[in-house]
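Accompanying notes for the structure given below.
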Amino acid sequence: MGKIEWAMWANEQALASGLILLTGGIVGVAGQFRGWEFAAYGVAAGFFVCLLEYPRGKRSKGTSVARTGQYCFTVCVKAFGPLTRNYYVRAFLHAAICVPGGFMLATVLGCVCLGIASLIYLSAAIHGEHWEPILPRQDPRKPAVESVKNPPQNPPPRPPLDMRRKRVDDLEGAAYDNPTSVTDNEY
């Protein structure tokens with residue numbers, strides 16, 4: 001069996017929890033709930049988590065598909081170096097971010113999801129994973145080599161090469177023998 005890449009799961013979980021935390025914070029601030037200050041914190045924390053988690057990391061094996069428009073966020077995340085590449089740091093950062101949001105009902109779900117993402121990042125760090133950016137390819141692709149010089153002249157089904165008609169001016173030279181017998185016997 002293949003090795004599980006925990007960081008991939010943690011990234012998806014953390015991005016979703018950041019969006020949930022942001023949405024819950026907006027609801028808490030707009031509704032002026034009691035303790036709405038925690039909701040305002042949830043808006044800021046959710047926005048920060050979404051910015052941090054939007055760029056996907058490169059997979060160790062297989063193909064890595066970047067999210068749409070991820071390159072500018074990748075440059076920002078890459079600029080912080082070991083603070084954002086190390087999954088131990090991300091695990092403890094997400095664990096610390098999720099605590100204040102737990103004091104308000106509108107942000108509890110986002111905080112629980114962020115806590116789970118923190119545990120998954122901790123598992124990724126224990127398994128020795130780290131964040132690598134997905135950068136655009138530097139080498140241009142080679143142009144496709146023309147494999148077919150001339151398209152086929154006759155429609156399918158085409159007989160084998162040795163049975164094809166030869167283009168000749170006289171009709172007798174152009175004829176060929178049919179390898180299958182044609183009979184008038186019907187059932």
Side-chain angles (χ1 to χ4, degrees), residues 1-31 36-144:
M1 282 178 68
K3 180 184 157 197
I4 295 175
E5 292 190 35
W6 293 99
M8 179 181 64
W9 295 102
N11 178 263
E12 297 294 329
Q13 177 75 23
L15 182 62
S17 63
L19 291 171
I20 294 168
L21 188 61
L22 178 67
T23 305
I26 290 171
V27 168
V29 170
W36 65 270
E37 296 85 5
F38 291 113
Y41 169 79
V43 170
F47 186 72
F48 172 74
V49 169
C50 288
L51 287 179
L52 179 65
E53 296 297 331
Y54 188 73
R56 277 191 183 131
K58 186 189 276 188
R59 296 181 61 187
S60 60
K61 289 184 181 178
T63 57
S64 303
V65 179
R67 288 189 174 103
T68 305
Q70 134 175 348
Y71 182 70
C72 59
F73 296 109
T74 301
V75 171
C76 295
V77 171
K78 187 177 158 186
F80 286 100
L83 290 177
T84 54
R85 289 181 186 216
N86 190 344
Y87 286 146
Y88 282 114
V89 174
R90 281 196 189 192
F92 292 119
L93 179 67
H94 289 327
I97 286 174
C98 76
V99 171
F103 294 111
M104 184 173 189
L105 187 60
T107 57
V108 165
L109 181 62
C111 291
V112 170
C113 292
L114 195 59
I116 292 169
S118 172
L119 292 175
I120 299 171
Y121 266 131
L122 186 62
S123 175
I126 290 171
H127 286 95
E129 298 178 33
H130 64 282
W131 187 80
E132 286 292 326
I134 300 175
L135 298 174
R137 292 184 178 175
Q138 300 297 334
D139 58 316
R141 293 189 178 212
K142 296 177 183 175

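The chain is numbered in sequence order, starting from 1. Predicted model, so just to flag it, every value in this text is computed and none were measured.
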**Study point:** Over 12 non-hydrogen atoms of neighbours within 6.0 angstrom of OH in Y88
**Key:** yes
Practice item. Please name the pair of heavy atoms, one in L51 and one in V77, separated by the smallest distance, quoted to 0.1 Å. Key: O-CG2, 4.1 Å
Practice item. Taking E129 for its side chain and W6 for its backbone only, find out whether a donor-acceptor pair lies under 3.5 Å. Key: yes
Review point. Checking side-chain contact (heavy atoms from CB on, under 4.5 Å) for the pair H94/V49: CA distance, chi angles, key distance, verdict?
Key: CA-CA 8 Å; H94 289 327; V49 169; 4.2 Å; yes
Practice item. Evaluate whether atom CH2 of W131 has more than 12 neighbouring non-hydrogen atoms of other residues, nucleotides or ligands under 6.0 angstrom away. Key: yes
Check your understanding: Are the side chain of Q70 and the backbone N or O of R67 linked by a donor-acceptor pair below 3.5 Å?
Key -> yes
Check your understanding: What's the shortest heavy-atom distance between V65 and R56, and which atoms?
Key -> O-NH1, 3.0 Å
Practice item. Report yes or no: does S17 contribute a side-chain atom to a donor-acceptor pair with the main-chain N or O of Q13 at less than 3.5 Å? Key: yes
Practice item. Provide the closest heavy-atom pair for C50 versus G18 in the form atom of the first, atom of the second, distance. Key: SG-C, 3.6 Å
Study note, to complete from the structure: Between P133 and K78, the two heavy atoms sitting closest are CG-CD, 4.0 Å
**Study point:** Pairing residues for E132 by the side-chain hydrogen bond (donor to acceptor under 3.5 Å, both in side chains) criterion, not counting sequence neighbours
**Key:** H130
Exercise for review: Please lay out, stage by stage, how L93 and F48 fare under the test side-chain contact (heavy atoms from CB on, under 4.5 Å).
Suggested key: CA-CA 11 Å; L93 179 67; F48 172 74; 3.8 Å; yes
Less than 3.5 Å apart, which donor and acceptor atoms pair up between the side chains of residues 96-122 and the rest of the protein, not counting sequence neighbours?
| from | atom 1 | to | atom 2 | distance (Å) |
| --- | --- | --- | --- | --- |
| T107 | OG1 | G101 | O | 2.4 |
| T107 | OG1 | M104 | O | 3.3 |
| S118 | OG | A91 | O | 2.6 |
| Y121 | OH | E53 | OE1 | 2.5 |
| Y121 | OH | E53 | OE2 | 3.3 |
| Y121 | OH | R90 | NH1 | 3.1 |

Review point. Looking only at heavy atoms, which two atoms of P55 and T74 are closest? And how far apart?
Key: CB-OG1, 3.4 Å
Review point. Taking only residues two or more places apart in sequence, or in another chain, which ones meet R59 in a side-chain hydrogen bond (donor to acceptor under 3.5 Å, both in side chains)?
Key: none
